[in-house]
Amino acid sequence: MERFPSNPNLPSPQRGNLSNLSRFVQESRPTWPWLGTVFALILLFFVIPDFIASMRPEKQGLIYYQFTQIALLSIAAAGVWLTFYIGRINIGQGALCLVGAYVSAIVQVKLDVSYWLTIPLAGIFCVLVGIVIGWPILRLRGVYFAMITLILTEVAKLVVLNFPIVTNGARGITNIPLPEAVTLFGFTILPEFTADNNRMYFYFLSMFVMVLTFIALFRLVHSRIGRLCKSLQQNEELASSLGVNLVLLRLIPFCISCFMGGVAGALAAGVQHNVGPSIFTVQDSVNYMLYCFMGGLGNLFGPLVGTVILRMGWNYLTAAGDYQLLFYAIALIILMLIIPNGVMSLSPVRIYQRVVGWLGNRRPTLNTVPHNRKS
Amino acid sequence: MEQVVVNGLFSGAQYSLIALGLTLIFGLMNVLNFAHGQMYVLGGLVTYTIVTFGFGFIPPDAFTIFGIDFIFPIALICAGMVLAILGALFEKLLFRTVIRRSKRDESTMLLAAATAFLLDASLLLIFGEKLHSVPDLVDGIISTDLEPVFPAIPFSDSFNLPYYKLLLGVIAFVMILLFVAGMRFTRPGRAMRALAQDRMAAQLMGVNVGRYTMIGFAVGAMLAGMTGGLLLAASGGIQATEGGAKSILAFEMIMLGGAGVTGGAIAGGFILGMMQSVGHSFLGNFTDLVIFAALVVFLSIRPQGLMGKPWG
Amino acid sequence: MTKILDLQNIELYYDHVYALRGVSIEVNEGETVALIGANGAGKSSILRAITGLRRIKSGQIEYKGEKINGLPPERLVEMGIAMVPEGRRVFPFMTVRDNLMMGAFTRHNKAEITQTLEMVLARFPRLKERYHQAAGTMSGGEQQMMVIGRALMAKPKLLLLDEPSLGVAPKLVQDIARSIVAINRDEKVSVLLVEQNSRMALSISERAYVLATGSVALAGKSKEMRDDARVQQLYLGGEL
Amino acid sequence: MSLSKNILRHMTGVAGATALILATSSLTGTLTTTARAADELHIGFVGVTSGPAAAWGTSNKRSMETRADWLNETGGVEIGGKKYKIVIDSFDDQKDPKLAIEGINQMISKGVHYVVGPNTDDGASAVRPDAEAKGVIYFPYAFPKELYTKPAKNAVLGMIANYQSGPAIFKWLKDNEKLQTLAMIAANESDALSQRDGGMAAAKAAGLKVVSGTVTYQSDTTDFAPILTPVIKSKPGAIYLAGVSPAHAPRIIKVGRELGFKGRFIATTGMDAKVLKEGAGDAANGFISVGGASTPELASPMMKEFVTRYTKKFGEYNDESNTKVYALDYILETLKANPKAMKDVNEFKKTIDSFSANNPFVNGGDKPNMKMRYVGMSSFGQKRQIFVPMVINEYRDGDFKTLFVGQAD
């Protein structure tokens with residue numbers, strides 16, 4: 001760029017990006033994460049289980065299962081959110097979940113490895129997959145990245161179907177044992193999962209992993225890498241001019257995202273006791289993306305909130321019978337019109353201002369050209 | 001080999017048409033229209049309803065002139081109109097609002113997915129889960145009946161092509177030509193091309209962005225609808241629930257050719273059609289895996305597709 | 001002299017960061033006015049405000065005595081304001097001809113359009129050579145000529161040029177400068193020129209405004225500014 | 001055409017569902033879990049009723065609803081001296097095994113012990129652990145043998161599996177039409193591929209040569225010419241469409257004929273005659289599929305009334321429902337035979353071995369060899385399949401004709 005030499009200290013709006021960037025990189029860390037974590041732990045491990053325990057026994061399994069699903073879907077969605085964080089729309093998380101589920105299942109059944117070990121193993125395998133895939137395709141941006149990842153889920157399914165020697169093909173792996181107890185020096189660290197209690201134990205397991213995931217995400221976002229990623233999301237050229245290794249900076253979050261996908265897959269394989277080629281499909285990949293949008297991309301709890309809303313909403317709409325999907329779609333459209341930036345974009349202050357604005361004079365109409373779009 | 005080529009061309013013509021509407025909407029609005037497949041199905045089912053039941057009051061042979069029944073082209077045009085109106089409404093009532101109010105373009109993907117769900121649900125409720133088909137447009141078949149066409153040539157094989165497929169192929173070809181010509185030589189066509197290539201510059205030329213974006217969405221939807229009608233006749237029927245998969249197929253094609261570029265959509269469609277046709281003849285059950293893998297590799301090397309704009 | 005364009009106390013914000021603070025600028029009929037200033041001083045924002053690409057927060061923009069802020073861009077093109085945006089913004093997949101014809105999008109009289117087209121081609125003979133070539137394949141200088149020609153196709157009364165010398169080979173910068181002078185003279189078009197290349201801008205304009213941090217820091221005759229040390233200093237980012 | 005009527009019906013339906021949702025949301029959680037009326041018997045349905053595979057579950061669910069309405073209209077079902085109103089609790093699993101588990105848990109939470117579905121292999125495998133742990137008997141329309149053989153306990157196959165009908169059809173064709181070679185195609189999906197593998201084994205056992213068995217197609221395929229071209233070039237005597245969906249069959253058949261194939265097409269799933277007629281016309285003549293009870297030779301007056309009621313309720317009948325009409329009656333009849341099974345599925349399993357009742361849907365349903373009973377000893381080693389007459393149909397000019405009737409035991 002052969003521009004007129006300019007003074008970097010000049011405060012000017014168009015250099016806003018750059019000054020924001022340096023601010024991001026230097027910004028101090030947040031103040032209250034531990035409080036939030038403790039609160040979440042109490043809620044997830046005491047309040048909710050206590051509440052569930054007060055229900056009829058037949059109902060407990062269902063509620064535990066629903067929460068478990070939310071937990072493991074939001075782990076995968078958190079990965080998708082992380083790729084959003086580097087400015088990439090990832091519609092391929094389902095592929096990684098599928099891979100994770102199969103790795104966990106195959107290693108357990110064929111190599112007789114403990115379930116507990118297969119969870120990190122699945123994650124690590126997915127990281128390797130992520131490196132192989134991510135290296136070439138992370139150069140792509142916008143919808144190009146989105147569409148190429150959209151194919152990945154289908155590719156994963158076809159790989160599973162076409163290599164039955166490893167994956168058992170169409171029939172899936174149906175004899176995954178329940179996780180056994182882990183004892184250390186005579187103490188039972190992890191209890192044995194049985195047919196009767198596994199719904200509850202899987203609830204605790206997946207919630208635990210979910211909390212870990214979001215703590216990790218929080219740390220990551222507020223680390224130097226996280227702030228650099230955010231700058232990446234805003235302006236890649238600018239970030240690269242700071243001398244950042246872009247390839248690596250994109251690859252690291254993507255691999256973490258793949259790790260989350262793999263772990264979610266391994267959890268699902270455990271929860272379900274079996275895996276088949278349709279355990280994660282393109283629909284799941286799309287859903288993760290929708291969860292992130294619904295929750296809001298601006299906040300790292302967006303994927304969790306989105307998962308809760310959409311998943312619970314879908315369950316709730318079972319009451320509509322044949323019209324379930326219709327109601328779901330209408331609700332989605334209405335939500336999108338009201339809060340296009342996701343639930344977490346709502347702030348009490350802004351809602352107040354909105355309401356006052358409505359009550360008072362109407363706000364001036366917005367510009368016709370969305371300024372944030374590239375042509 | 002002749003049969004393989006003919007199959008590929010015929011599939012390719014269908015695919016190109018599906019991809020064209022999608023690429024137009026994408027080019028104009030940067031919206032990945034997840035509901036494209038559902039729009040296509042709706043078009044097909046509207047065509048089916050009109051062909052099979054008239055408009056409910058028109059006698060069966062009302063459009064038969066010189067022994068040829070013109071109900072199909074009429075139904076096709078009606079389907080196009082219905083979809084154009086639907087597309088315009090979608091743009092004006094939904095997409096425009098969300099694009100204006102959201103911080104990121106990508107938020108429209110959720111909206112697009114929601115409209116896809118909406119159409120999916122409504123179509124299933126209204127038209128039911130069964131396959132719907134219309135009779136062949138014309139009878140007869142060009143056939144060599146399992147005998148090679150040119151026995152002396154090693155790869156020559158039998159060759160069969162029903163006349164109705166030939167006719168539909170010609171219609172598809174004419175539609176593609178009309179669309180390309182329309183984009184090139186009409187005022188709205190020029191405006192839409194300009195909008196797709198550089199939105200701000202187009203605005204500075206005096207192009208009314210709102211109006212032409214709406215027209216573009218309507219034309220894209222119309223194209224989807226008419227393609228649906230055409231494919232209803234070409235592929236033995238249409239089912240209310242098959243839209244979602246068609247959208248994804250169309251994404252693959254516009255990616256292959258280059259998103260937002262008309263020529264890319266056409267090329268992508270034909271290439272994919274040909275790849276499938278050749279693949280199924282030689283690769284067996286690995287065909288789809290190989291095609292997908294090739295697509296991923298190709299796009300990692302050339303992200304903008306065959307003739308697309310680099311980096312979107 | 002009558003004012004063709006009059007900006008009074010313009011304020012403009014991007015999100016929550018101000019871009020313009022109380023800018024007042026005027027362009028007289030038949031005049032060439034330069035807006036110079038460092039990168040990010042708000043020059044382009046002024047043009048965006050005039051053409052309606054950006055909505056201003058407060059202030060008033062008058063064109064030929066008529067208030068135009070709030071009007072959509074297409075309306076302004078019809079009224080005779082044409083803008084050559086920064087970074088050229090050609091339609092890369094269209095031919096030169098189609099690009100030029102897009103410039104006349106708001107006009108309907110075929111004969112008159114043909115006349116203007118001939119004028120533009122006569123002014124930029126290079127474009128005639130490239131007439132059927134896709135615009136994206138031309139060199140930067142050629143593209144710049146084409147977008148100026150494209151703006152002329154609207155038969156404007158006021159031409160807004162945003163950094164026409166940016167990314168153009170130095171040899172061609174002179175050509176472009178010359179053609180701007182010629183357009184101003186022959187077609188009776190008033191020109192508002194935004195430039196970083198202050199030497200070029202000041203040499204072809206009658207008056208100039210120097211912008212710094214979103215407001216007008218200096219205004220006066222271009223001839224006098226050329227030797228003014230304060231201009232240099234503003235460019236380096238100092239305060240006055 | 002009932003299109004406008006259909007739309008009108010759905011509009012009232014939407015209004016009703018809105019009211020229902022508003023009502024349930026106005027009542028807080030505690031009220032929704034209140035015990036239901038004591039004289040209702042809830043039977044579950046977990047299957048796919050939306051999305052691309054909606055056809056599989058829809059016909060299933062609708063035949064259950066039709067039958068339940070009919071029974072209720074006639075005063076309900078008497079079990080253990082008490083009359084019950086039948087209520088169908090349905091859950092759409094969207095073909096997603098994760099949702100299928102949720103569905104089965106939903107049934108468990110409502111105290112439902114008998115569930116029809118899921119419709120896919122993956123879904124059926126996924127619900128197995130919960131169903132066995134929490135005491136649910138389920139009737140999947142999925143063929144994997146491990147669902148029904150020991151140690152699996154609680155699944156009962158609700159129709160004829162392809163590894164039962166396949167050999168019978170192949171043998172019949174070999175004996176009667178001198179069939180020697182066979183080709184197979186399948187969708188790239190678990191169900192279809194495992195049915196293809198089953199078909200492959202059956203063909204080998206019947207002494208047929210499989211000349212083309214590797215061609216698969218994506219389930220979104222609509223243009224089958226590229227897929228069928230290599231298959232037909234291998235000159236098979238017949239083409240077996242493994243796990244083909246009713247929407248794909250006519251398209252495949254039509255294209256196959258256009259490509260010059262003269263032999264038979266065979267499917268081991270249920271099909272709809274109207275769809276075949278509309279989609280393939282004369283090309284479908286000779287198409288062999290597995291039917292249910294509505295073939296003229298077999299259908300009892302009650303079956304005919306069932307079809308009438310179904311048509312009245314949903315606008316049009318789906319012949320595929322023929323294969324799915326039995327499950328509900330099997331459940332109810334078994335409960336009648338042993339009322340204790342209402343609360344305890346172990347009682348149900350005990351009853352399975354000795355159960356026998358008249359089959360109201362087929363002519364001669366009171367004859368010993370046609371009676372309702374549980375079978376499956378030869379396929380699964382335990383009685384985990386309902387007995388239905390194995391009706392092998394042939395499509396001919398708009399209708400199914402019975403080719404032969406066999407039995408699975």
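We name chains A, B, ... by the order of the sequence lines, and we start the count at 1 in each one.
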Practice task
Name the member of Leu326(A), Asn162(A), Val160(A), Asn315(A) that forms the most heavy-atom pairs with chain D at distances under 4.5 Å.
Solution key: Asn315(A)
Side-chain heavy-atom pair [X], [Y] within 4.5 angstrom cut-off:
X: Leu99(D); Y: Trp314(A); result: yes
X: Phe91(D); Y: Gln324(A); result: no
X: Ser278(A); Y: Thr120(D); result: no
X: Ile101(D); Y: Arg199(A); result: yes
X: Lys61(D); Y: Asp322(A); result: yes

Practice task
Can you check whether anything in residues 306-313 of chain A gets within less than 4.5 Å of chain D, heavy-atom wise, and list it by number?
Solution key: Arg311(A)
Does any heavy atom of chain D fall under 4.5 Å from the side chain of [X], the backbone, both, or neither of them?
X: Leu178(A); value: neither
X: Leu73(A); value: side chain
X: Asp284(A); value: side chain

Problem - Distance-only side-chain donor-acceptor flag, Gln94(D) / Gln283(A), under 3.5 Å - result: no
Exercise for the section: Give the C-alpha distance, both sets of side-chain angles, the deciding distance and a yes or no for side chain to side chain contact (heavy atoms under 4.5 Å, CB included) between Gln218(D) and Leu158(A). Expected result: CA-CA 10 Å; Gln218(D) 286 290 88; Leu158(A) 290 175; 3.5 Å; yes
Exercise for the section: Can you see which heavy atom on Gln272(A) is nearest to which on Pro129(D), and at what distance? Expected result: O-CG, 4.0 Å
Completion exercise
For Leu62(A) and Ser109(D), the nearest pair of non-hydrogen atoms, with its separation, is CD2-OG, 3.5 Å
Exercise for the section: Answer yes or no: is there a donor N or O on one side and an acceptor on the other, between the side chain of Lys134(D) and the main chain of Glu58(A), under 3.5 Å? Expected result: no
Practice task
May I ask you to decide if Gln106(D)'s main-chain N or O and Tyr65(A)'s side chain share a donor-acceptor pair within less than 3.5 Å?
Solution key: no
Exercise for the section: Give the member of Ala100(D), Ser125(D), Pro144(D) that has the highest number of heavy-atom pairs under 4.5 Å with chain A. Expected result: Ser125(D)
Completion exercise
For residues 188-199 of chain D against chain A, heavy atoms under 4.5 Å, the residues are Asn188(D), Glu189(D), Ser190(D), Leu193(D), Ser194(D)
Practice task
Tell me, with the steps shown, if Glu102(D) and Gln69(A) meet side chain to side chain donor-acceptor pair (under 3.5 Å).
Solution key: CA-CA 9 Å; Glu102(D) 180 151 346; Gln69(A) 284 294 303; over 6 Å; no
Problem - Glu146(D)/Arg171(A) ion pair, N-O < 4.0 Å - result: yes
